[in-house]
Structure formats: C-alpha cells, structure tokens
Amino acid sequence: MDPKTVRVPESMRELFATAEKTVASYFARRREDPEQGTIEVFEERYVLVRGAALSVEFFRVARELYGAGREAEAERFARNILFDLAHAIGKSDAQAFHKRMGLVDPVAKLSAGPVHFAYTGWAFVDLFEESTPAQDESCFLVYDHPYSFESHAWMAAGERATFPVCIMNAGYSSGWTEASFGVELVAAEILCRAKGDDCCRFVMAPPARIEERVANYLSTRPELLPRVGSYEIPDFFARKRLEEELRRSRDELELRVEERTVELVTANERLERERIEREEAERRLRQVDKLEAIGRLAGGIAHDFNNLLTVIHGYSELARNTLAGDDPARACVDEIHAACGRAKSLTQQLLAFSRQQLVAPAVVDFDALIANLLVMLRRLIGEDVELLLETEPRLGRVLVDPSQLEQVLVNLIVNARDALPNGGRIVISTRNLTLVGGRDEGFDLLAPGRYVELAVRDDGVGMDPATQARLFEPFFTTKPRGKGTGLGLATVHGIVSASGGAITVESAIGRGSCFRIALPRAEGEPAPPKAFAAVGAAPNDSGTVLLVEDEPSLRRMVFSALARQGYVVLEAGDGREALELFGREGARVELLVTDVVMPHMNGRDLADRLRDVRPDLPVLLMSGYTDDLVDRRAIAGAGYEFIAKPYMLSELLAKVRAMLHARV
C-alpha cells in the first residue's frame, strides 16, 4: 500500500508505508484536556503554535527590534535563530520518538521523520529519486515540501519574500535526519514558493559538502538555474554553539530553549546599548561637523579682518608718529591703537577656535608655566577668591605653543571666577596620567598612552546637563549680554584638540565644576625664554623692496611706511604681476615682501620661482592664518622669514631692516 503522508521513490514505498503505521499508532494516543491546558501524545506533552508566529510574523518582530535601515541584519538574525531552534527541536523530537517507539535501524528512524513531519503540520515531504540516505559523509537528500507552513504563512499574509523562507522546515528535517544517522547534516532551500517559485525544494548534506552538493545538483538541472537566484547555506554549524549539546530528553530541550531565551534577552539589551552608543556617537559627529563648519567660517572672517586690522593699526602708528605729544588728536589715535589691540586678541581667539592660529609648538613644563602666571592669575580673580595649586612631583612635559597654553589656563580661570559671584575657591592641579583603554578617566576620544593632565576646579554655582552639552559651542554663553563673547571655551576646545589632547567637564548645580585637560607627554627639556630686543627708529634706510599684496589698502599703507623709511618700493597686486615686474626690474630688487594667500599665485610659489632666478634673494612672507601654505617649519627650512598679521609697522620695519642689513 502506498503511503499517504509522503511521496517517495518506488524503492522506498514499503519502508515509508511501515513508518506511516508506526507514526499513526503514536499519534493515535493523542489526548486533549483544555480544562488543564494540556495536549498529550503518547503521554508526551505537546504545544500548538501558530505557523505565522514562527515565520512571517517573527521576521516582522525582528525588523522592528533592529529598526529602520537594518532590515538585512534583522533578517539574517531571524534566519539564524529559527534554523538553530528548529534543528534542535527536530533532533530532540527524533530522539524521543525513536525511544518511545523502539526504533533501532537508522533507515527506519529516518523514514519516520517525514511522516511525523506531516502529522505535526510542518509540511508534506516529496523525496526525490536522486537521494542517497547514508550514515557517513556521502549522505545526500533532495526533497520538496509542497505544503510548507512557512511559505503558506508568507503567501497568506500577502507578502513576497526576497529569500527562501522555509528555514524551520530545513532545520527540523536536518535535525531529525542527523539524530537518525548520527552524522552532522544541514539543509538549504534553493527554491521557495514564498518568493515566486513553483515549489519549495531542499538539498541536505553534511556541512562540509553542502555547497558542493547544491552546485552538483544544479549542474544536472540547468533549467533550474534561472529560477534559483539567491539562496543561503545556514551557518548553524559555523557559528559558536552553546557549551553543551542538547540532551536526549524533553526536559533537557526545555532547558536549552530557556537558555536561548536568556541569550535573546541579553542580545536585546546589547542591541539597545549599541543603539544608545551609536546615537551618542552620531550626536558627537554632528557637533564636530558643526564646529568645523563654524571654524572654517570664523577662520576666513578672521583672515580678512586681520588685513583690515593691519591697515588700521599701521595708519594709526603713522598718524601717532606725526602728532605732537600735546596734540588733542593724539588721544583719539591712541584709542584707535588700543582698540586694534583688543580686536587683535579677538581674532586670535577666532583663529585658535578654528585651528588656523599660527602656532610655535615647544616642549613646555606645565608647572613652571603655571608658576609664572600665578601673580597675574591672582590679580585676575580678585581678593575674595582663593587660588590653590596642587602639583605632582616629576610632572611630564608637553609639546604645545606656550602662549596658547597660557590662553587656555586664563580662559578656564576666568570662567571659574565668574562661577563664584560670592567668592570661593579655585584649585589648579596637575598630574601624570596613563590611559590604558579608550574610556579611561572620561577621555574616551584619546588613544591609550601617557598624558599630562591639567585640572581647574571651583566650588561655584555649577552647571546643569543642558548647559554642559553646549559648553564648547562657539558664541554660546550664559553670561549677560555684553559680558562675554562665547568664544572662551570654544577657543580652549580648539587649542586642546589641535594639540592632540582632549577636554572633559564634570559639574552639577550647586556643586561646582571641574574642567580636565589631557595633553600627550613629550620628551625633551623646555626651551629657554626668548629675549626680544627693543626696536628703535632708524630713518633714512636704503634698499629696493618688491612689495606684493592683493589687498589695496594694506598695500598702500605698507608702501607708505617703507617709503617714509627711505626704501625704494616696487609694488604688485598679485603673483603674476610681481613676476612681470621682476622680469623688468629684478636686478634692483634686494628684498621680496609678499602676502601668502593671493589670487592666481600664492606667495610661497612666487618666492620659490624668484629664488630659482636669484637664489640669494631674501624673502619675507606675511599671513593672517595658517594652513598647508604657511607651515612655519617649512618656511624656516626654505630660508624664508615670516611675520603674522595683524602686525605693528614697527615690527615690519624692524624685520625689513634686519633682513637687508644681514644681506649687506
């Protein structure tokens, strides 16, 4: 008699007919007792589960869990866990059934599987002639599931899948066969009705040979190749398993399911942590991008402003030098001169924030620098605030521009003072710091290594989290209108970041604040302080200067100052004009004074081209900000001199005089 619950080759019909009787006698012992919430088969507890809940609906839940944009990751996770679970259930069901029904022969054990499959509602099995059941690596099965519960669930829901969906069918059937033959097996679905194919077809083989078996099967069925498309070999055996195998009893299976549930909960918690960390990283990235954009804008404005300041500063010097000491206009000129000084300080803050400030890094002794500033700092904070210093012996050195480091310290001290309206205490502390992990000491953006930490702590009013979140934004300030620019901490952040360090803040309302800065340690000894000689007037100098400046007002001012000192000045508005002028008058030129950033040709390229003709030509470069063109070390290496805008005319004239005298 032909079996009714499976379709098999002629040679196997008798075997499966016997299996059908065995399975039928097993399920004939079914007993349902809704009043106690139990379904039993052969005194074994069963549980009815909706097919859609373990298929199309499970994938929906996984997508919701992972969130938008991570659908592929969610589907991969769902496929893996469904195959894992189904394979374990199939293996455990087979072991329990074999024991109950007293099956010993491996082929008899296997033949009960497809019949059991049909009785439990998973699918109907159509086993193909090519199949070669075996208890070794040659085991190979090809079969269809015409009525798979998984593809039916997707089609009933009106959803079209992009991948084969009969994952639990593949897992359960390979698990049952593995328990029957005692050899590891895995099944791959190569055709699926849920994705538009006319059948759900599977290939089963040992994990090490499954891909080869699929390829060989498709090579004998070339008509299937256009229909197969994408399929996936379940990676159950490649992934890390739990430490113990499933036991042979239902109790041990329930324990495994419980363990997997705990793992799923842990995975959910991990995913939530990762989501929070990702959102925080994205927030930081947006903040960095915003700061960089504002920094570029601020740097550009400061550069143009420096040109204007140089003009105003220079003409105020020229006017001041022509006025008698008792001239009423001299006080006005002095105010203009002082205002230029304050404006210069503001542009330096903008450039420091935008990381375009001209810097001169040097090995610095933190403690010595602080000690030199203590008198000025105490005068800055007032008598009602106590200033304390806590230092660590044998403190390491740092490589940083000393003036910038002073700027950082002064900004932090001023902020701390403003947080103490009724007086209080400010503590400056330093220490050596070794970071092992990225999150050590709150400096999660720094690489492991040796650092020096500077901390400024006050016991003032403190800050709420909302204020702390915006603390380093440019132009953000909590001070009254007219009392602060909002650039102080933005400048500090720019200087510290440009020096390879990081800054963090800890604060709470009513509990004060603590700003901590970490800078990389450097080897070497601090350089001795430079001595600057006073510049005196030296009229009636001589020499021919080629002046190149694209800003007309600045060019006129420098031209006037040089001419008044007795120099012959040849002027050009850009690099190309300067080359033409040098071609005619080059023999007379004794010094090139040029801006760096100009249209058509920058000052560095101009200087290099003139040096090709006159290798001994002295060059003085001028610029208001730094970039790849204005590298102080590269300039010095090329034998060029440099002066930063805005400059005082006396500084420029001293440079010109010194360079011409050195040439003579």
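What you see is a predicted model, and the numbers here were worked out from it, not measured in a lab.
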Atom pair [atom1]/[atom2] of [X] and [Y] - distance to nearest 0.5 Å:
{"X": "I81", "Y": "I167", "atom1": "CD1", "atom2": "CD1", "answer": "12.0 Å"}
{"X": "L224", "Y": "D197", "atom1": "CG", "atom2": "CG", "answer": "9.5 Å"}
{"X": "E150", "Y": "N169", "atom1": "CD", "atom2": "CG", "answer": "4.5 Å"}
{"X": "K195", "Y": "C200", "atom1": "NZ", "atom2": "SG", "answer": "10.0 Å"}
{"X": "I503", "Y": "F443", "atom1": "CD1", "atom2": "CZ", "answer": "8.5 Å"}
{"X": "E20", "Y": "T5", "atom1": "CD", "atom2": "OG1", "answer": "3.5 Å"}

Side chains of [X] and [Y]: does their closest heavy-atom pair fall under 4.5 Å?
{"X": "L127", "Y": "V6", "result": "no"}
{"X": "Y143", "Y": "S173", "result": "yes"}
{"X": "R13", "Y": "V8", "result": "yes"}
{"X": "V183", "Y": "D136", "result": "no"}
{"X": "Y119", "Y": "V115", "result": "yes"}
{"X": "L519", "Y": "V496", "result": "yes"}
{"X": "S513", "Y": "M463", "result": "yes"}
{"X": "Y217", "Y": "I190", "result": "yes"}

May I ask you to say whether [X] pairs ionically with [Y], meaning some side-chain N is under 4.0 Å from a carboxylate O?
{"X": "R270", "Y": "E274", "result": "yes"}
{"X": "E263", "Y": "R260", "result": "yes"}
{"X": "E71", "Y": "R63", "result": "no"}
{"X": "E130", "Y": "R213", "result": "no"}
{"X": "R516", "Y": "E506", "result": "yes"}

Taking all heavy atoms of [X] and all of [Y], pick out the closest pair and write down the distance.
{"X": "C139", "Y": "P206", "answer": "O-CD, 3.4 Å"}
{"X": "A123", "Y": "S148", "answer": "CB-CA, 3.7 Å"}
{"X": "L103", "Y": "K109", "answer": "O-CE, 3.3 Å"}
{"X": "A74", "Y": "A62", "answer": "CB-O, 3.5 Å"}
{"X": "A179", "Y": "Q95", "answer": "CB-CG, 4.0 Å"}
{"X": "F83", "Y": "A170", "answer": "CE1-C, 3.8 Å"}

Legend entry - side chain to side chain contact (heavy atoms under 4.5 Å, CB included), paired with Y172, selected from L85, D93, T177: D93

Inset, instruction - I would like to know whether N432 and R450 meet side-chain contact (heavy atoms from CB on, under 4.5 Å); could you show each step before the answer? - result: CA-CA 8 Å; N432 293 315; R450 298 195 307 160; over 6 Å; no

Inset, instruction - May I ask you to check whether N216 and S219 show a side-chain donor-acceptor distance below 3.5 Å? - result: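 There is no such pair between these side chains.
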
Inset, instruction - Please determine, by modelled atom types, if H145 and E189 share a side-chain donor-acceptor pair under 3.5 angstrom. - result: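 No, because no side-chain N or O of H145 sits under 3.5 Å from a partner of the opposite role on E189.
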
Using modelled atom types and a 3.5 Å cut-off, is there a donor and acceptor pairing between side-chain atoms of [X] and backbone atoms of [Y]?
{"X": "S151", "Y": "C192", "result": "no"}
{"X": "S131", "Y": "V142", "result": "yes"}
{"X": "E178", "Y": "L185", "result": "yes"}
{"X": "S92", "Y": "A88", "result": "no"}
{"X": "S499", "Y": "I495", "result": "yes"}

Inset, instruction - Check the pair H98 / S180 against side-chain contact (heavy atoms from CB on, under 4.5 Å), numbers first and verdict last. - result: CA-CA 8 Å; H98 299 159; S180 301; 3.4 Å; yes

Inset, instruction - Compute both the distance and the angle, then confirm whether R79 meets the cation-pi test with F163: under 6.0 Å from the six-membered ring centre, within 45 degrees of the axis. - result: yes

Legend entry - Cation-pi geometry met for R100 and F42 (6.0 Å, 45°): no

Inset, instruction - Show your working on side-chain contact (heavy atoms from CB on, under 4.5 Å) between R60 and V56 and close with a plain yes or no. - result: CA-CA 7 Å; R60 289 176 189 163; V56 61; 4.0 Å; yes

Inset, instruction - Evaluate the criterion salt bridge (Lys or Arg N to Asp or Glu O under 4.0 Å) for residue pair R275 and E272; output intermediate values, then yes/no. - result: CA-CA 5 Å; R275 183 188 65 79; E272 179 64 15; 2.4 Å; yes

Inset, instruction - Take atom CD of E258 as the centre, draw a 6.0 Å sphere, and report whether it contains more than 12 heavy atoms from other residues, nucleotides or ligands. - result: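 Count not over threshold, so no.
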
Legend entry - Whether over 12 other heavy atoms sit under 6.0 Å from Y147 OH: no

Inset, instruction - Report the C-alpha distance between F59 and W154 in whole Å, list the side-chain angles of each, state the deciding distance to 0.1 Å, and finish with yes or no for ring-ring contact (aromatic ring centres under 6.0 Å, His included). - result: CA-CA 10 Å; F59 279 88; W154 282 74; 5.6 Å; yes

Inset, instruction - Report the C-alpha distance between L489 and L412 in whole Å, list the side-chain angles of each, state the deciding distance to 0.1 Å, and finish with yes or no for side-chain contact (heavy atoms from CB on, under 4.5 Å). - result: CA-CA 8 Å; L489 288 177; L412 293 180; 3.9 Å; yes

Legend entry - Name of the residue among W122, F97, F16 meeting ring-ring contact (aromatic ring centres under 6.0 Å, His included) with H116: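 Exactly one candidate clears the test, F97.
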
Legend entry - Of R193, R201, R7, the residue whose pairing with D144 passes salt bridge (Lys or Arg N to Asp or Glu O under 4.0 Å): R201

